[in-house]
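What follows is one structure encoded as structure tokens, with my remarks underneath.
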Amino acid sequence: MNFAPNLPEQPTIKVSKFQETMHGNMQFLKGLLYLTKKLFML
């Protein structure tokens with residue numbers, strides 16, 4: 001997903017920070033989903 005290839009290298013810091021946050025959120029959601037699934041299986 002490359003939005004503006006002619007921009008300087010500066011925005012990549014924000015993108016990586018955003019991706020890091022999204023990755024953390026996905027890990028959290030997967031864990032939550034797993035626990036919810038386990039709860040309903042009981």
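The analysis underlying the following values was restricted to heavy atoms, covering all of them including side chains, and did not include hydrogens, waters or symmetry mates. As the structure is a computational prediction, the values presented were derived from the model and not from experiment.
Taken from CG in N25 to CG in L32, the straight-line distance is 11.5 Å, to the nearest 0.5 Å. Distance NZ/K17 to CD/E20: 5.0 Å, rounded to 0.5 Å. Once rounded to the nearest 0.5 Å, the distance linking NZ of K37 with CG of L39 reads 12.5 Å.
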